[in-house]
Amino acid sequence: MERKSFADMPCPVAHALEHVGDPWGLLIVRDALHGLSRFDDFHRSLGISTSSLTRRLNELVAAGVLERRLYQERPKRYEYVLTTAGQDLKPVVAALAAWGMTHDPPDASPVVLVDDTTGMLVDPVVIDRNTGRDVADAAIVFRPGPDATEFDRRHRGPAPTPS
């Protein structure tokens, strides 16, 4: 069954989901963040069919999340490396992992997030770059942006004060 495209929705969340919104896409990004780059390694890690994996890798390349690089000439073999846009998904994947460990922890956790300098476990949070406040704080809310629809303005409260 073909999923609905989110490309025409005027929402940054919908646009992000258009590129990495299915579970396979995020799991491929997760594996790439863990250092995997070759088709066979993604296939072994995910257990996804080769045709589905090929399709998702091609979609992530087209979206600018992965870059396809030739690493062997005969036979031609490629690796898939995260682009800057792909690397920028690291906090998203870390936040999803933290959410999963809190709300639906697996029986075993083969991977943990650690500070490579100190070796200490990391407990990721998303913070506002300007204030350093945790965006989970109840005072941080979604408000209409400059291009909001009338529906958004009615349902999301007053627009923010320009800074």
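- Between R153 and A148, the shortest heavy-atom distance links the atoms NH2-O, 3.2 Å.
- Looking at heavy atoms from C-beta onward, L17 lies out of side-chain contact with D22 at the 4.5 angstrom threshold.
- Sorted by first and then second residue, the salt bridge (charged side-chain N to carboxylate O under 4.0 Å, His left out) pairs with a member in residues 142-152 read D152-R156; sequence neighbours excluded.
- Between L82 and L33 the shortest side-chain heavy-atom distance falls below 4.5 Å.
- Residues V126 and D134 are not in side-chain contact: their nearest non-hydrogen atoms beyond the backbone lie 4.5 Å or more apart.
- When hydrophobic clusters are built by joining Ile, Leu, Val, Met, Phe, Trp and Tyr residues whose side-chain heavy atoms come closer than 4.5 Å, directly or via intermediates, V20 is grouped together with L96.
- Residues L60 and Y71 do not share a hydrophobic cluster, defined by chaining ILVMFWY side chains whose heavy atoms lie under 4.5 Å apart.
- Judged purely by atom type and a 3.5 angstrom limit, N58 uses its side chain to pair as donor or acceptor with the backbone of T54.
- In this structure, the side chains of L113 and L121 stay at 4.5 Å or more apart for every pair of heavy atoms.
- More than 12 heavy-atom neighbours from other residues, nucleotides or ligands sit within 6.0 angstrom of CG on D115.
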- Task: Decide yes or no on side-chain contact (heavy atoms from CB on, under 4.5 Å) for R77 and L70, but give the supporting numbers first.
- Result: CA-CA 6 Å; R77 300 230 188 246; L70 184 69; 5.8 Å; no
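- Rounding to the nearest 0.5 Å places CG of L26 at 7.0 Å from CG of L89.
- Within the 4.5 Å cutoff, the side chain of H34 has heavy atoms near those of the V111 side chain.
- With rounding to the nearest 0.5 angstrom, the CH2 atom of W24 is 9.0 Å from the CZ atom of R30.
- In this structure, the side chains of E67 and R69 come closer than 4.5 Å at one or more pairs of heavy atoms.
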Return all side-chain donor-acceptor pairs below 3.5 angstrom for residues 36-46, not counting sequence neighbours, or 'none' if the list is empty.
| unit_1 | atom_1 | unit_2 | atom_2 | d |
| --- | --- | --- | --- | --- |
| S37 | OG | E79 | OE1 | 3.3 |
| D41 | OD1 | R44 | NH2 | 3.2 |
| H43 | NE2 | I48 | O | 3.1 |
| S45 | OG | D31 | OD1 | 3.4 |
| S45 | OG | D31 | OD2 | 2.6 |

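- Interatomic distance, CZ of R129 versus CD1 of I127, reported as 8.5 Å (0.5 Å rounding).
- Between R55 and S52, the closest side-chain pair of non-hydrogen atoms falls below 4.5 Å.
- Annotation: cation-pi pair R68/Y78 present, NZ/CZ under 6.0 Å from the ring centroid and within 45° of its normal.
- Checked by atom type and distance alone, the side chain of Q72 pairs as donor or acceptor with a backbone atom of P75 at under 3.5 Å.
- Between I28 and L53, the closest side-chain pair of non-hydrogen atoms falls below 4.5 Å.
- The two residues P124 and A98 have their closest heavy-atom pair at CG-CB, 3.7 Å.
- Ring pair F151/H155 is parallel by interplanar angle, where below 30° counts as parallel and above 60° as perpendicular.
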